[in-house]
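Input: a single structure, listed below in structure tokens.
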2 protein chains.
Amino acid sequence: MTQRRRGEELEQAILDATWEEFGEVGFAKLTIEGVARRAGTSKPVIYRRWPSMLELMVDCATSRMPTVDSIPETGALREDTIAVLKLLRERMVMIGPAAMHGMLSLVSLDPEALRVLVTRFISHVLSLMDTVVDRAAARGELDPTPLTERLRRLPIDLARNEFLITGRVEDEAIDAIVDEVFLPALQGSGAFATE
Amino acid sequence: MTQRRRGEELEQAILDATWEEFGEVGFAKLTIEGVARRAGTSKPVIYRRWPSMLELMVDCATSRMPTVDSIPETGALREDTIAVLKLLRERMVMIGPAAMHGMLSLVSLDPEALRVLVTRFISHVLSLMDTVVDRAAARGELDPTPLTERLRRLPIDLARNEFLITGRVEDEAIDAIVDEVFLPALQGSGAFATE
DNA sequence: GTCATCAAGATACGGACCGTATCTTGCGGA
DNA sequence: TCCGCAAGATACGGTCCGTATCTTGATGAC
């Protein structure tokens, strides 16, 4: 019996073990017992902190998620948008399609849990996208007036959908989303008034 | 011991039981044992036919899925598209978000299984959407030349994404997808050349 | 420094379900 | 009529669930 861990230290060790176990056996085979074993602790210790695998996994994934304060400004809406989508892809790939579906599945019945999940995982990227659009507006590249919420998050919705269905997002897909859909949609909405 | 069922009849009874059990306990708690119990048969009988819950559920859902040969032509691309999205919604609601995520999750590792799932569940709606676009082209409502695959399936991708994330697709969402995104994107792509 | 308290950790429980193997028994075809 | 096959019943070892119980180490109050 080694040094007995408590509080923050113990909690972190469990989150670490969860992440390792997740990487090794995948989300489908992730189990509380397995995590406890790997963390060198026991089930009750985990259950005392997290009511179920869902909350544990959400906390675990959240703590691992790279967040970025701001996208480097490239000076063009197109490139900025692509940068946001690549960050989004990076985040999704870390979690993997199975775990994303797993979390969404567990959460799809419970509106409150859904809200938490959205806040933790989606809001960040959405706000980056907002920044990108606002910047373009500030540069005079586009007129934000006709831009609805839905239009702003269009590239993110499409990239996420791509990942959820196919399990990947190729560079070509990102380009296509921006060039074949997003920019034309802005164009057709009259956002590029000066052109 | 009642009459012993065989072959097609037995198979159908199992699919029926699966659907009933699914409706009652939900996808998360769906079990082979439960289905066998409800169908009045036993696990080996099911395992002889389906290697796992995934295949069983896919077959079950497929057999219940309303397929429509063609969308009634309204004479306008906008209304036709909305009709396709409402059919898609109907299909997704039948399955429910949890089961959709469940199936996608189970399938996300196996490219071949993914292909099967896509063929069974997605292709149908995609081809309806294609028909709708082709019709609009035939009416001279739009020029299909600049329409990429991605642009054609744009409304479907967005509606599916909406459902996967929020678990529902309101009428307003459908309208917004068509009016704020799809039609402007066609516009911006130069598909409405004559306007 | 001592000691009361509280949580860590170990262990065990009943229960559900997995996927498979074995056996019998009813049904259908030759 | 009888043979063969699959339906159905049963049981198996196994894993994991979520909880209860108990011991023991660490911490913090005094």
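Numbers restart at 1 for each chain; the letters A, B, ... are given by sequence-line order, proteins then strands.
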Original post:
Just how far, in rounded Å, is P of D:dT15 from NZ of A:K43?
Top reply: 13 Å
Subject >> Non-hydrogen atoms of A:P97 and B:S108 that approach each other most closely >> reply: CB-CB, 3.8 Å
**OP:** Nearest whole angstrom, please: distance from the P of C:dG19 to the CD of B:E55.
**Re:** 11 Å
Original post:
When the distance from CD1 of B:I46 to P of C:dT20 is rounded to whole Å, what number comes out?
Top reply: 14 Å
Subject >> Separation of D:dT15 P from A:E21 CD (nearest whole Å) >> reply: 14 Å
Original post:
Once you round it to whole Å, what is the distance between P of C:dC18 and CD1 of B:I32?
Top reply: 6 Å
Original post:
Would A:S52 and A:E55 count as having a side-chain donor-acceptor pair, cut-off 3.5 Å?
Top reply: yes
**OP:** Grab the CD-C1' distance between A:E9 and D:dT27 for me, whole Å please.
**Re:** 14 Å
**OP:** May I ask you to evaluate whether B:T31 reaches the phosphate of C:dA16, defined as a side-chain N or O under 4.0 Å from OP1 or OP2?
**Re:** no
Subject >> Atom-to-atom span, CD of A:E8 to P of D:dA26 - whole angstrom >> reply: 19 Å
Original post:
How do A:G34 and B:E33 order along DNA chain D: which one's closest nucleotide is nearer the 5' end?
Top reply: B:E33
Original post:
Taking all atoms of both residues into account, what is the closest heavy-atom pair of B:A17 and B:A39, and its distance?
Top reply: CB-CB, 3.6 Å
Original post:
Partners of A:R89 by salt bridge (charged side-chain N to carboxylate O under 4.0 Å, His left out), sequence neighbours excluded?
Top reply: A:D171
Give me, pair by pair, the N or O atoms of the protein and of nucleotides 4-7 of chain D that are less than 3.5 Å apart, along with how far apart they are.
unit_1	atom_1	unit_2	atom_2	d
D:dA7	OP1	B:R49	NH1	3.2
D:dA7	OP1	B:R49	NH2	2.8
D:dA7	OP2	B:R48	NE	3.3
D:dA7	O3'	B:R5	O	3.3
D:dA7	N7	B:R48	NH2	3.1
D:dA7	N3	B:R4	NH1	3.1

**OP:** Please state whether the rings of B:H101 and A:H101 are parallel, tilted or perpendicular, taking 30° and 60° as the class boundaries.
**Re:** tilted
Original post:
Roughly how many Å is it from OH in A:Y47 to P in D:dC16, rounded to a whole number?
Top reply: 11 Å
Original post:
Got more than 12 heavy atoms from elsewhere within 6.0 Å of CZ, B:R168?
Top reply: no
